[in-house]
**Q** 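Got a structure for you, questions after.
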Amino acid sequence: MDYSANEMMTVAAARALTSEDVCFVGIGAPSAACNLARLTHAPGVTLIYESGTIGTEPNVLPLSIGDGELCETALTTVSVPEMFRYWLQGGRITIGFLGGAQMDRFGNLNTTIVGDYHSPKVRLPGGGGAPEIAVHAQQIYITMKQSPRGFVPRIDFFTSFGFGEGGEDRARRGIATKGPTRLMTDMAVWAPEPETKELQVVSLHPGVTREAMAASVGWEILYAEDVGETPPPTAEELEILRDLHARTKAAHAGSG
Amino acid sequence: MPDFIPLKTAIARSVTDGCSVALEGFTHLIPHAAAHEIIRQGRRELTLMRMTPDMIYDQLIGMGCVAKLIFSYAGNPGVGLLRRMRDAVENGWPVPLEIEEHSHAAMAHAYEAGASNMPFALMRGYIGAGLREVNPNIKTVTCPFTGEELAAFPALRPDVGIIHAAKADRQGNVLIEGILGVQKETVLAAKTAIVTVEQVVEDLQAHPNACVLPGWTISAICEVPGGAHPSYVHGVYPRDNSAYVEWDEIAADRDRFQAWMQANVLDVDDSVFADRVRGLV
């Protein structure tokens with residue numbers, strides 16, 4: 001079955017989740033991946049959106065983190081202060097799923113600004129929940145497309161903290177959680193090198209070459225000793241993902 | 001007990017030039033009609049607070065009502081950026097905009113601190129975050145018991161807090177159902193609270209643990225059916241997602257934006273909102 005790089009990315013990201021996870025879901029690519037996981041191999045996964053919806057099971061992907069669908073299908077909905085105080089800061093989230101506009105080799109993310117903060121070239125939306133998700137979720141999964149504009153040697157702004165300067169930087173700052181343990185892109189799956197914490201490629205998606213990788217990333221890529229090939233999406237994964245997108249498109253094209 | 005008055009009257013008596021206003025609603029229950037009334041009354045130099053400034057703050061900023069914005073995520077959810085806000089931040093159009101930027105967790109805590117009559121809020125957060133370097137209102141306090149350093153920031157105490165809800169009863173008690181956001185905290189943190197509602201009913205029919213704001217915490221109740229559109233009201237009408245997608249195009253161009261505001265805000269009143277949701281229900 002033919003598939004797009006985008007579909008490969010979503011499928012690879014979905015596979016990282018298990019039924020035991022309690023996942024704080026960012027909007028966009030993470031939302032598609034988390035719901036694909038729930039509809040395939042991880043039916044028990046608990047999805048939480050920052051609007052306060054706990055254990056939500058949306059039939060279509062929400063356009064915003066606060067669509068009514070999320071509340072109607074949730075186990076319960078709490079206030080936003082409670083969400084951040086008891087559930088995130090309280091340490092009950094196993095996986096925080098984030099994306100970004102810019103990322104560096106240590107998984108630090110920028111969604112705030114391009115250029116200088118006080119006279120920006122582009123004003124992006126900002127951090128929302130991400131600065132605290134990045135330090136309070138037990139692990140962080142990142143999903144974003146590779147491009148020289150996005151995968152940069154130095155991000156313009158530290159919206160959310162990954163491994164900082166690498167090594168033991170998290171521990172030095174008193175952060176007890178693991179940080180970005182997995183990155184799923186449209187070309188590869190990455191994970192931190194155990195000592196330096198620099199993200200390294202652990203598997204390439206089918207057909208992706210190291211030359212194409214080099215052209216899409218703004219630093220010299222580190223490869224694990226034993227780089228595998230990401231298994232392609234199965235027919236079942238693709239079918240469920242496409243159904244989900246079709247339902248979503250139909251729902252959002254109308255008036256609600 | 002609050003006054004049951006027209007929205008125009010409630011805004012005119014509470015929102016004045018230079019005051020601070022929080023119009024809240026976390027995607028859900030966003031008080032669009034109230035924002036449009038503020039724009040029609042031509043208020044200037046406002047300090048606006050809102051976790052997720054989206055379309056209504058884009059409109060208030062683009063119409064030159066705002067001097068300062070305190071926020072944590074400025075985007076059109078699921079669609080993209082706020083083009084009027086960007087124009088103000090990047091080019092100072094139509095007037096320069098000062099920003100004070102926080103994270104969601106911090107804003108939520110700061111409203112809670114305001115509602116709790118505390119001078120500041122604290123949390124374990126902003127660790128390694130760039131906002132610490134650019135926002136002088138993010139400071140550090142040391143836990144007196146463990147020595148741990150925690151982030152501190154001022155409580156939010158808006159002069160006026162404005163929210164929307166599905167219903168109030170005749171005593172002015174307001175029921176909030178669905179995504180709660182910071183609706184309760186906004187009302188309790190504000191010096192004056194205005195609530196627009198879909199309808200006034202005899203009995204709220206609330207269960208014992210429902211989120212109810214007693215009428216005596218509210219200054220004015222204004223009945224504005226459809227007043228959250230294109231945001232939504234749980235169980236009443238859905239989010240008009242296509243309007244958010246269209247907004248991206250309208251706001252992309254200054255002239256088109258101004259023409260849209262003239263036709264859909266300045267030349268009308270709050271009675272138009274009921275029609276806007278009629279086709280959605």
Side-chain angles (χ1 to χ4, degrees), chain A residues 27-28 50-53 62-72 77-85 88-89 108 110 112-113 117-136 157-162 164 169-170 173-175 251-256, chain B residues 25-28 51-52 54 71-82 85-86 89-90 101-109 111-112 123-131 133-134 148-149 178-185 211 232 234-235 237-245 279-280:
Chain A
I27 206 65
E50 66 193 10
S51 53
T53 56
L63 186 66
S64 77
I65 39 73
D67 279 21
E69 173 90 3
L70 295 173
C71 177
E72 283 156 20
T77 298
V78 301
S79 74
V80 168
E82 179 179 324
M83 176 49 63
F84 283 100
R85 197 189 272 284
L88 181 60
Q89 189 173 266
N108 303 301
N110 172 23
T112 303
I113 223 90
Y117 184 82
H118 297 286
S119 51
K121 208 159 84 185
V122 184
R123 174 66 231 194
L124 300 166
E132 278 73 38
I133 295 171
V135 296
H136 293 319
F157 193 86
F158 268 61
T159 305
S160 52
F161 194 77
D169 203 0
R170 282 178 81 86
R173 292 165 192 263
I175 306 171
H252 292 173
S255 49
Chain B
F26 205 81
T27 306
H28 180 215
M51 291 183 67
T52 55
D54 58 358
F71 74 104
S72 48
Y73 183 91
N76 183 342
V79 178
L81 307 173
L82 292 183
M85 179 186 160
R86 274 188 63 184
V89 171
E90 294 168 17
E101 185 169 3
H102 288 278
S103 68
H104 273 353
M107 286 286 284
H109 280 79
Y111 276 121
E112 223 178 34
M123 67 175 184
R124 184 183 286 124
Y126 283 134
I127 304 168
L131 283 177
E133 321 293 326
V134 297
E148 183 180 358
E149 293 205 328
I179 286 174
L180 300 169
V182 288
Q183 304 294 82
K184 187 180 198 172
E185 290 76 13
C211 182
Y232 71 102
H234 187 91
Y237 49 88
R239 192 171 191 262
D240 191 351
N241 280 328
S242 58
Y244 284 90
V245 175
L280 299 174

**Q** Would B:His28 and A:Ser51 count as a side chain to side chain contact (heavy atoms under 4.5 Å, CB included) here? Give the steps.
**A** CA-CA 9 Å; B:His28 180 215; A:Ser51 53; over 6 Å; no
**Q** Please report the closest heavy-atom contact between B:Val89 and A:Pro120, naming both atoms and the distance.
**A** CG1-CG, 3.8 Å
**Q** Using heavy-atom distances under 4.5 Å, tell me whether B:Tyr232 contacts chain A through its side chain, its backbone, both, or neither.
**A** side chain
**Q** Side chain from CB out, backbone as N, CA, C, O: work out which of these in B:Phe71 comes under 4.5 Å of a heavy atom of chain A, or both, or neither.
**A** side chain
**Q** Looking only at heavy atoms, which two atoms of B:His234 and A:Cys71 are closest? And how far apart?
**A**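 Shortest heavy-atom contact: CE1-SG, 3.7 Å.
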**Q** For B:Tyr126, is there any backbone N or O sitting under 3.5 Å from a side-chain donor or acceptor partner on A:Glu132?
**A** yes
**Q** Would you name the heavy atoms of A:His136 and B:Arg124 that are closest together and state the gap between them?
**A** NE2-O, 2.7 Å
**Q** Hey, what do you get for CZ (A:Arg85) to CE (B:Met123), rounding to the nearest 0.5 Å?
**A** 10.5 Å
**Q** Grab the two heavy atoms, one from B:Thr27 and one from A:Ile65, that are nearest each other, plus how far apart they are.
**A**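 In this case the closest contact between B:Thr27 and A:Ile65 is OG1-CD1, 3.7 Å.
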**Q** If I compare all heavy atoms of A:Ser79 with all of B:Glu185, which pair ends up nearest, and what's the gap?
**A** OG-OE2, 4.3 Å
**Q** Side chains of A:Glu82 and B:Leu180: closer than 4.5 Å at any heavy-atom pair?
**A**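 Not in contact.
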**Q** Kindly indicate, with the supporting measurements, whether the criterion side chain to side chain contact (heavy atoms under 4.5 Å, CB included) is fulfilled by B:Tyr111 and A:Val80.
**A** CA-CA 10 Å; B:Tyr111 276 121; A:Val80 168; over 6 Å; no
**Q** Do you know which of B:Thr52, B:Val182, B:Ile127 has the most heavy-atom pairs with chain A at a distance under 4.5 angstrom?
**A**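 Looking at each option in turn, the highest pair count goes to B:Ile127.
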**Q** Would you say that B:Leu81 contacts A:Pro125 through its side chain, given a criterion of any heavy-atom pair below 4.5 Å between the two side chains?
**A**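 The answer is yes; the side chains approach within 4.5 Å.
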**Q** For B:Leu131, is it the side chain, the backbone, both, or neither that has a heavy atom closer than 4.5 Å to a heavy atom of chain A?
**A**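 Contact with chain A: backbone and side chain both.
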**Q** Any side-chain donor paired with an acceptor under 3.5 Å for B:Glu133 and A:Tyr117?
**A** no
**Q** Considering non-hydrogen atoms only, spot the tightest contact between A:Leu63 and B:Val79 and give its length.
**A**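 Where A:Leu63 meets B:Val79 most closely, the heavy atoms are CD2-CG2, 4.3 Å.
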**Q** Below 4.5 Å from any heavy atom of chain A, which atoms of B:Met107 appear? Answer side chain, backbone, both or neither.
**A**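 No part of B:Met107 comes within 4.5 Å of chain A.
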**Q** Below 4.5 Å, heavy-atom pairs only: which of A:Thr53, A:Leu70, A:Val122 has the largest tally toward chain B?
**A** A:Val122
**Q** I'd like to know which of B:Ser72, B:Gly235, B:Gly125, B:Gly181 tops the heavy-atom pair count under 4.5 Å against chain A.
**A**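 Between B:Ser72, B:Gly235, B:Gly125, B:Gly181, the count favours B:Gly181.
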**Q** I'd like to know which of A:His118, A:Arg173, A:Gln89, A:Glu69 tops the heavy-atom pair count under 4.5 Å against chain B.
**A** A:Gln89
**Q** Roughly how far, to the nearest 0.5 Å, is the CD atom of B:Glu112 from the CZ atom of A:Phe84?
**A**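 Those atoms lie 12.0 Å apart.
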